[in-house]
Amino acid sequence: MSYQVLARKLRPADFASLVGQDHIVRALRHGLDSGRLHHAYLFTGTRGVGKTTIARILAKCLNCEAGVSASPCGECSVCREVQENRFVDLIEVDAASRTRVDDTRELLDNAQYLPTRGRYKIYLIDEVHMLSASSFNALLKTLEEPPEHVKFLLATTDPKKVPITVLSRCLQFQLKNIAREKIAAYLADAMTDEGIEFEAEALEIIAKAARGSMRDALSVTDQAIAFGQGRLTEPDVAELIGAVGSDEIAAVLDAIESGDPQAVVRISQELAERAADFEATLTEVLQALHGIAVANALGQADGRPALSAGSTLSAEAVQLYYQIALTGYRDMRVGPDPKTVFEMTLLRMLAFAPDAASAQSVPPATSRPEQVPDSKPSPGSREPAPRSPATGRSDAASAPTSTPPDARAGRPRSSSPPAQTSPRPLPKPSQDDEGPEALAAQWLDWFKRLDLSGPSRAIAEHSVLISQDASRYRLRLDEAQEALFSGERNSEIEQALASALGQPVEVRIETGALAAESPAKHRERLKAEQQAAARQQLEQDQVVQSLITEFDGRLENVRHLGNP
């Protein structure tokens with residue numbers, strides 16, 4: 001007998017054998033057992049997760065000679081023929097190769113006739129999104145009012161390309177990517193049944209490389225068995241698919257931590273010599289940095305993965321390196337070649353490594369001492385951005401590396417909240433401050449200290465104070481924001497102002513054109529001014545100008561990180 005590949009040999013024959021799609025199995029079981037059968041089902045998901053397999057099992061459930069149920073017998077002629085893909089009333093169509101409207105019409109012309117052997121005539125259309133617009137239109141009428149003996153089972157990897165008119169007539173099921181642990185466990189059971197000697201680490205590498213696809217995992221396993229002459233070992237599998245181990249990832253991060261460009265180039269060359277997958281390697285670097293970031297955040301210094309015990313990477317450095325590695329991962333598809341992109345990504349980490357002050361490790365949260373909070377800067381004022389000793393650039397020009405002042409200085413932060421103090425009452429308005437500008441300035445100062453949120457805060461932010469008389473205050477809401485206003489919001493603003501002033505007040509809100517600057521307009525003006533100042537600062541920066549000149553570039557977008 002000829003050899004049958006694992007992906008076909010191990011195809012599940014019933015719902016109990018399916019792996020990783022419990023949510024769909026549960027819904028289909030209940031529908032079949034209760035007789036609630038839809039006329040059209042749409043299965044979506046990435047390749048190799050079981051879309052066609054579920055459709056075939058469902059066809060078996062609907063036509064089993066023992067009756068419609070979620071547990072077909074598997075022994076009758078119908079079950080065997082469906083399993084062997086030769087059941088006459090199961091019409092499988094590959095939409096990728098039959099996209100023309102004539103093909104669809106020819107297919108549906110026979111839908112009106114009763115099934116030859118089974119209970120239902122089932123149309124299984126794979127990659128249905130590949131049908132042309134005319135084909136979908138031809139399918140739509142039959143899909144909307146199908147004969148009672150017809151069921152449609154549609155499968156696609158791209159449901160966004162399926163017309164909404166078709167989607168609305170189907171019962172949709174989204175298949176999940178199968179978890180790595182479930183793939184590895186399934187492969188272990190399969191290899192035991194097949195009598196194949198294996199190492200658990202080898203199966204973990206295969207499961208990781210499959211990226212949620214069981215069919216891909218079985219295909220790689222087939223290759224690995226042939227490569228390893230009937231055995232699955234970690235070195236053979238790693239060599240076959242170009243995977244890298246934890247020791248190599250540790251070497252990469254240690255080279256970055258020590259700032260050694262020679263080590264970076266050497267590691268890159270070694271990976272290239274054994275045809276390693278650089279995209280997968282960069283993915284492993286990202287996952288390792290993520291693990292380090294989580295360990296830092298939880299204060300688990302001893303739990304940092306893939307690094308030597310004496311690692312001193314700070315939380316700031318980890319975040320920067322992760323961002324650079326993520327950018328490199330995106331560049332893999334547009335760069336000259338994967339090795340160059342990988343090498344440049346690591347060298348970029350070295351070039352933009354934080355200085356000594358910011359590279360200090362942050363102590364665990366349980367040992368951070370108390371610290372008096374920094375004083376709040378006055379509105380409209382801002383500290384000048386410090387310049388990097390390595391590049392001469394300001395922090396405003398390097399968005400990925402910007403952090404709060406405490407993190408840049410390496411100062412420990414308090415784990416306990418600052419002491420609560422009673423709120424300072426708002427200053428009483430002066431009777432002389434009756435001009436629009438003075439009232440607007442007064443309202444701006446009050447607004448910053450009002451305890452408001454949601455729509456009420458939005459109303460107050462787009463309003464100005466236009467008059468005051470004893471405890472009565474009139475606000476004018478910008479007419480462009482009239483939709484925000486309601487009586488309920490008026491009372492919330494009144495209560496917040498009364499609480500801040502320490503006395504009962506009456507607030508009336510009207511809508512109209514504003515003669516002065518509302519808090520929202522004030523914030524927008526400050527933002528525009530700071531944006532312009534940031535652009536001007538970069539345009540005058542010698543390093544930026546030299547880069548523009550050398551690479552024939554231009555300064556397109558500048559974002560000020562401290563905008564209010």
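The analysis underlying the following values was restricted to heavy atoms, covering all of them including side chains, and did not include hydrogens, waters or symmetry mates.
Taking a 6.0 Å sphere around CD of Glu148, one finds it holds 12 or fewer heavy atoms contributed by other residues, nucleotides or ligands. The environment of CE in Met332 is crowded: more than 12 heavy-atom neighbours from other residues, nucleotides or ligands sit within 6.0 Å. Around atom CD of Glu65, more than 12 heavy atoms belonging to other residues, nucleotides or ligands sit under 6.0 Å away. A 6.0 Å sphere centred on NE2 of His23 holds more than 12 heavy atoms belonging to other residues, nucleotides or ligands. Around the CZ atom of Arg36, the shell of radius 6.0 Å holds no more than 12 heavy atoms that belong to other residues, nucleotides or ligands. Within a 6.0 Å sphere centred on CD of Glu273, heavy atoms belonging to other residues, nucleotides or ligands number more than 12.
The main-chain N or O of Pro12 is never found under 3.5 Å from a side-chain atom of Ser17 such that the two would form a donor-acceptor pair. Without hydrogens or angle criteria, Lys60 side chain to Val78 main chain gives no donor-acceptor distance under 3.5 Å. His290 places no side-chain N or O within donor-acceptor distance of the main-chain N or O of Val285, the cut-off being under 3.5 Å. Using a distance-only test at 3.5 Å, with no hydrogens or angles considered, no donor-acceptor pair links the side chain of Gln229 to the main chain of Ala226. Not a single donor-acceptor pair under 3.5 Å links the side chain of Asp126 to the backbone N or O of Thr52. Using modelled atom types, one side-chain atom of Ser258 and one backbone atom of Ala255 make a donor-acceptor pair closer than 3.5 Å. A donor-acceptor pair under 3.5 Å is absent between the side-chain atoms of Lys121 and the main chain of Val88, judged by distance alone. Without hydrogens or angle criteria, Asp260 side chain to Ala263 main chain gives a donor-acceptor distance under 3.5 Å. Side-chain atoms of His39 come within 3.5 Å of backbone atoms of Leu143 as a donor-acceptor pair (strictly under, hydrogens ignored). A donor-acceptor pair is defined here as one N or O able to donate and one able to accept, closer than 3.5 Å; no such pair exists between the side chain of Thr340 and the backbone of Pro336.
A donor and an acceptor atom, one from each side chain of Gln172 and Thr44, are nowhere located under 3.5 Å apart. Between the side chains of Asp236 and Thr233, at least one donor N or O lies within less than 3.5 Å of an accepting N or O. Of the N and O atoms on the side chains of Arg47 and Ser213, not one donor lies less than 3.5 Å from an acceptor on the other residue. In the model, Asn137 has no side-chain atom that pairs as donor or acceptor with a side-chain atom of Ser134 under 3.5 Å. Side chains of Gln21 and Lys176: a donor-acceptor N/O pair is absent below 3.5 angstrom, by distance only.
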Test side-chain contact (heavy atoms from CB on, under 4.5 Å) on Leu326 and Leu286; report intermediate values, then the result. CA-CA 7 Å; Leu326 187 61; Leu286 282 164; 4.2 Å; yes

Worked check of salt bridge (charged side-chain N to carboxylate O under 4.0 Å, His left out) between Arg457 and Glu461: CA-CA 6 Å; Arg457 182 175 180 83; Glu461 189 176 22; 5.5 Å; no

Could you walk me through whether Glu92 and Arg56 pass the salt bridge (charged side-chain N to carboxylate O under 4.0 Å, His left out) test, one step at a time? CA-CA 10 Å; Glu92 292 198 30; Arg56 288 179 178 173; 2.9 Å; yes

Given side-chain contact (heavy atoms from CB on, under 4.5 Å), test Leu124 with Val93 step by step and report yes or no. CA-CA 6 Å; Leu124 198 169; Val93 180; over 6 Å; no

Evaluate the criterion side-chain contact (heavy atoms from CB on, under 4.5 Å) for residue pair Asp158 and Glu127; output intermediate values, then yes/no. CA-CA 8 Å; Asp158 195 351; Glu127 298 300 341; over 6 Å; no

So Cys64 and Cys76, side-chain contact (heavy atoms from CB on, under 4.5 Å) or not? Walk me through it. CA-CA 7 Å; Cys64 179; Cys76 67; 4.0 Å; yes

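The CZ atom of Arg215 sits 10.5 Å away from the CD1 atom of Ile178 when rounded to the nearest 0.5 Å. Leu28 contributes atom CG, which lies 4.5 Å from atom CZ of Phe173 (distance to the nearest 0.5 angstrom). Between Leu153 atom CG and Ile54 atom CD1 the span is 11.0 Å, to the nearest 0.5 Å. One finds the CG atom of Leu62 at 12.0 Å from the CG atom of Asp89 (value rounded to the nearest 0.5 Å). Note that CZ of Phe15 is 4.5 Å distant from SG of Cys61, once rounded to the nearest 0.5 Å. Considering OG1 of Thr157 and NZ of Lys160, their distance stands at 12.0 Å, rounded to 0.5 Å.
Contact annotation: the side chain of Leu282 approaches that of Thr345 to within less than 4.5 Å [non-hydrogen atoms, C-beta and beyond]. Within the 4.5 Å cutoff, side-chain heavy atoms of Pro261 are placed close to those of Leu347. At a threshold of 4.5 Å between non-hydrogen side-chain atoms, the residues Lys208 and Glu284 count as touching. Considering only heavy atoms from C-beta on, Leu18 comes within 4.5 Å of Ile57 through its side chain. By the 4.5 Å heavy-atom criterion applied to side chains, Tyr321 and Ile292 are not counted as neighbours. Side-chain contact check for Phe198 versus Thr192: some heavy-atom pair is nearer than 4.5 Å. Side-chain contact check for Leu32 versus Leu58: some heavy-atom pair is nearer than 4.5 Å. Inter-residue side-chain proximity for Val49 and Met214 is flagged as unmet; no heavy-atom pair is nearer than 4.5 Å.
Remark: Arg231 is not positioned above the aromatic ring of Phe227, lacking an NZ or CZ atom under 6.0 angstrom from the ring centre and at most 45 degrees off the axis. Both tests do not hold together for Lys51 against Phe43: distance to the six-membered ring centre under 6.0 Å, angle to the ring axis within 45°.
We find that Lys339 and Glu343 are joined by a salt bridge, their nearest charged nitrogen and carboxylate oxygen being less than 4.0 Å apart. Salt-bridge annotation for Glu81 and Arg117: present, with a side-chain N of the basic residue lying under 4.0 Å from a carboxylate O of the acidic one. The residues Glu279 and Arg333 are annotated as salt-bridged, a charged nitrogen and a carboxylate oxygen being separated by less than 4.0 angstrom. Between Arg274 and Glu270 no salt bridge is recorded (no basic side-chain N to carboxylate O distance below 4.0 Å).
When all heavy atoms of Leu167 and Leu42 are compared, the closest pair comes out as CD2-CD2, 3.2 Å. Nearest heavy-atom pair across Gly50 and Leu175 is C-CD2, 3.5 Å. The two residues Val128 and Phe136 make their nearest non-hydrogen contact at O-CZ, 3.1 Å.
Between Phe342 and Phe278, the two ring planes are tilted [angle within 30° to 60°].
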